[in-house]
Amino acid sequence: MDSTNSLQSVRTKKTITVNIKLVPTCKMKNDPSELHEDFYESLFENTLDGLAYCQVLFDAQESPVDWIYIKVNKNFEKLTGLKGVIGKKVTEVIPGIHASNPELFEIYGRVSLTGESQRFETYVEPLARWFLVSVYRPQKGFFVAIFQNITDQKQAQKDLEDARVAARNVFEDLQVEEENARKFYEAVNAAAEHIIITDADGVILYANKAAERITGYSGPEMIGKRPSLWGGKMDSAFYKKMWKTIKYDKTTFQGEVKNRRKNGQEYFADLYISPILGTDGNVNFFVGIERDLTREKEIEKLRIDFLSLVSHQLRTPLSGTKWLIETIKRGVIGKMTKKQDEYLDQIYQINERMIKLVFDMLSVLRLESEEAVVKKETVPVSDLYEELNITMGPAAKSREVILRNRVKNHKAVVVETDLTMLRSILECFISNAINYSMPSQEITLDLKEESTGVVFSVQDSGIGIPKEEQKRIFERFYRGSNAKIFKPEGTGLGLYVASMLAEKIRATLSFESEEGKGSTFYLRIPKNKVD
Ligand code: ADP
């Protein structure tokens, strides 16, 4: 800077004497063309900017390492928060400045040497302030920094930038959400299942394409109406149960529904309705999904009809064959040779297996087609005892196993259930125990009365069930590997039928078994639980 702006002879506390000129030599105090030194002094003191007049300290390599405050104006303290800096080094006044603002040393050092003024913004971390600084050289090795505190401005700028970034993020999120919502909408609309959304009163707000296809009504015909518009066929008890579950219990309802399309045609569907709750726990809306089962039902019916026709057709010739073999064995056509007799026995056994298979298949078909009606009967255990002795006694005898029927000890017990179904399950247990036991082994049929039910048990000491196969024993057609060797004839349908019967009478089946040691099968009938 030129000498007109220099200060004159400033003495620091540390008696550093610097000869600088603040103004050109003032000759005439009253000459208006010549400004008095006081004027500059007052300008220095009163300017709103902060002013610091400093000397730069260099090391041996001429690198700027510090600066000393020689003079600062009134606003310096206000703008920097620093007090009593005169004569002190900046590294004392602001510890850490070297690490936080190495550029200040570099800039002030350069300006003080070259005289090239500079203007810059800087953040002084130890003071947590932003400054806009103009620096110039009054004389070599010195600088004057004129600065403003621009922290608020910077903060405002940052807030603005943050707000801009936040706004952009929100906008981008919205775009993504909108895109996701669009994809979701397309997926729902194209779903094979019939999907409808209703308000909390059941009025339809949305119906997808499959809903139009299944019900036969167009979207506009459904929106604003209740789903019962295509009902009419919906059983009223079913409807009440559904509404109670979703509206009052606020849980998902699942069931098979029979309904009618717009053209009057009946259809079957698997129905799921879920209430969607708000944060207050109230139902906001319902989402209903139906899967059309009509075609599946038709195919299933054809399958059952076909199998049952075949089974019935087989029964007659098989019974005829049985009757003929028995007739021949009675010697009606003359005496048989020993070999002929043996062969005839084998034919008889094979025919018996076929009869059992057909009988079991018909039982399965009847149960699967839900034709079976469950009766609620009062069954005195004493009756059961007699009947089982009659039906199972001969089989036990022919296999030379001992059947102990301990049910006689509980003759006073009475169970409420379907007698035929109960007897079928117990017969299955007993016949398995007979079939999978060795001659002279014992089978015990017993029962235990509990507060909530009656538990029948059939225990044997036969071949048992291999541990790893036990979980499959109630599966359709499943036979244990040891059972197939021990008794090749067998259908693997007995326990499957028993489990279906148990489900009908709300009973439960279980067993304990150890291979080579025997098995115990249990049937638990709950008290007062038959519908
Ligand atoms: P099946 O006796 O005609 O094979 P089931 O469905 O009645 O068909 O039984 C399925 C399988 O369970 C049998 O093949 C056998 O492996 C096993 N099982 C059932 N009861 C017993 C038992 N008391 N002892 C040993 N294994 C048994």
Side-chain angles (χ1 to χ4, degrees), residues 307 311 314 318 349-368 372 388 391-407 420-447 455-505 507-524:
L307 285 174
S311 304
L314 280 172
L318 287 171
Q349 289 307 324
I350 294 166
N351 197 58
E352 281 295 288
R353 266 164 68 187
M354 288 290 286
I355 290 172
K356 183 170 182 321
L357 182 65
V358 168
F359 175 81
D360 283 353
M361 272 177 52
L362 280 171
S363 306
V364 170
L365 291 171
R366 205 181 64 243
L367 289 167
E368 282 184 346
L388 290 172
T391 53
M392 302 315 294
K397 209 167 177 189
S398 77
R399 296 266 312 157
E400 294 170 24
V401 292
I402 301 146
L403 177 60
R404 304 226 177 274
N405 192 342
R406 298 239 163 91
V407 168
T420 315
M421 293 187 178
L422 167 64
R423 201 177 44 214
S424 295
I425 298 170
L426 290 175
E427 280 175 3
C428 168
F429 284 179
I430 298 168
S431 98
N432 276 344
I434 293 172
N435 285 335
Y436 301 115
S437 290
M438 261 63 82
S440 83
Q441 285 186 326
E442 282 190 13
I443 294 163
T444 310
L445 168 65
D446 207 344
L447 78 76
V455 183
F456 288 90
S457 62
V458 176
Q459 186 191 17
D460 67 59
S461 331
I463 61 169
I465 303 164
K467 196 158 186 49
E468 61 285 2
E469 297 178 24
Q470 292 187 358
K471 57 179 178 304
R472 302 196 56 193
I473 238 57
F474 291 105
E475 282 177 20
R476 185 160 46 169
F477 296 119
Y478 192 81
R479 302 204 64 216
S481 51
N482 58 344
K484 280 194 264 190
I485 297 164
F486 187 76
K487 197 171 191 310
E489 60 271 27
T491 61
L493 286 173
L495 287 181
Y496 175 68
V497 171
S499 64
M500 288 174 83
L501 290 171
E503 204 181 303
K504 296 260 176 213
I505 59 170
T508 43
L509 304 186
S510 60
F511 68 93
E512 291 161 353
S513 184
E514 197 177 332
E515 192 175 4
K517 295 219 167 141
S519 318
T520 308
F521 278 78
Y522 301 96
L523 163 68
R524 185 175 192 290

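Below, all heavy atoms of this structure are taken into account, side chains as well, without hydrogens, waters or symmetry copies. Every number for a ligand or one of its atoms is a count from 1 in the order of the listing. Residues take their numbers from the sequence shown, with the count starting at 1.
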(request) Starting from atom 16 (O) of ligand 1, find the nearest protein heavy-atom neighbour and note its residue, name and distance. (result) Gly480 N, 2.7 Å
(request) Before signing off on this row, confirm whether Gly492 and ligand 1 have an N or O atom pair separated by under 3.5 Å. (result) yes
(message) Less than 4.5 Å apart, side chain to side chain, heavy atoms only: is that true for Leu493 and Phe477?
(response) yes
(request) Could you tell me which atoms of ligand 1, counted from 1 in the order shown, lie closer than 4.0 angstrom to a heavy atom of Gly490? (result) 3 (O)
(message) Using only atom types and a distance under 3.5 Å, with no angle test, would you say the side chain of Asp460 pairs donor to acceptor with the backbone of Tyr436?
(response) no
(request) Write out the residue and atom name of the closest protein heavy atom to atom 23 (N) of ligand 1, then the distance separating them to 0.1 Å. (result) Asp460 OD2, 2.9 Å
(message) Geometry only, no angles: is Gly494 polar-contacting ligand 1 at N/O separations under 3.5 Å?
(response) yes
(request) Using a strict 4.0 Å cut-off to heavy atoms of Ser519, name the atoms of ligand 1 that fall inside it. (result) 22 (C), 24 (N), 25 (C)
(request) Taking atom types as modelled, find out whether Glu469 and Ser481 have a side-chain donor-acceptor pair closer than 3.5 angstrom. (result) yes
(request) Using heavy-atom distances, let me know which of Leu357, Asn432, Thr520 sits nearest atom 7 (O) of ligand 1. (result) Asn432
(request) Can you figure out which of Ile463, Leu495, Thr491 has its heavy atom closest to atom 6 (O) of ligand 1? (result) Leu495
(message) Starting from atom 4 (O) of ligand 1, what is the nearest protein heavy atom, named by residue and atom, and what distance separates them?
(response) Arg479 NE, 2.6 Å
(request) Kindly say whether Leu445 contributes a backbone atom to a donor-acceptor pair with the side chain of Gln459 at under 3.5 angstrom? (result) no
(message) Can you confirm whether Leu495 sits close enough to Asn432 that some side-chain heavy atom of one is under 4.5 Å from a side-chain heavy atom of the other?
(response) yes
(message) Heavy-atom contact check, 4.0 Å cutoff: does Gly462 meet ligand 1?
(response) no
(message) Below a 4.0 angstrom heavy-atom separation, can you tell me which part of Tyr478, side chain or backbone, both or neither, approaches ligand 1?
(response) backbone
(message) With nothing but distance in play, are any N or O atoms of Ile465 less than 3.5 Å from an N or O of ligand 1?
(response) no
(request) Please list, chain by chain and in numerical order, all residues satisfying ring-ring contact (aromatic ring centres under 6.0 Å, His included) with Phe359, sequence neighbours excluded. (result) none
(message) Do the side chains of Glu489 and Lys487 get close enough for a salt bridge, i.e. N-O under 4.0 angstrom?
(response) yes
(request) Tell me which protein heavy atom sits closest to atom 27 (C) of ligand 1, plus the residue, atom name and distance to 0.1 Å. (result) Tyr436 CD1, 3.7 Å
(request) State whether the side chain of Asp446 and the backbone N or O of Ser457 hold a donor-acceptor pair below 3.5 Å, judged by distance alone. (result) no
(request) Report, in ascending order of atom number, the atoms of ligand 1 lying under 4.0 Å from any heavy atom of Leu493. (result) 6 (O), 8 (O)
(request) Decide whether an N or O pair under 3.5 Å exists between Asn482 and ligand 1. (result) no
(message) Counting non-hydrogen protein atoms only, what is the nearest one to atom 15 (C) of ligand 1? Give residue, atom name and distance.
(response) Ala483 CB, 3.6 Å
(message) Closer than 3.5 angstrom, by distance alone: can the side chain of Ser513 be matched with the main-chain N or O of Ile465 as a donor-acceptor pair?
(response) yes
(request) Consider every N or O of Tyr496 and every N or O of ligand 1, then say whether any pair is closer than 3.5 Å. (result) no
(request) Could you tell me which residues satisfy ring-ring contact (aromatic ring centres under 6.0 Å, His included) with Phe511, sequence neighbours excluded, listed by chain and number? (result) Phe474, Phe521
(request) Measure the shortest side-chain to side-chain distance between Val455 and Leu447 over non-hydrogen atoms and say whether it is less than 4.5 angstrom. (result) no
(request) Answer yes if the side chains of Glu442 and Ser461 hold a donor-acceptor pair under 3.5 Å, and no otherwise. (result) no
(request) Check ligand 1 against Ile473 and write out every atom of the ligand that is under 4.0 Å from a heavy-atom position of the residue. (result) 12 (O), 17 (C)
(request) Consider ligand 1: state whether an atom of it lies below 4.0 angstrom from any non-hydrogen atom of Phe429. (result) no
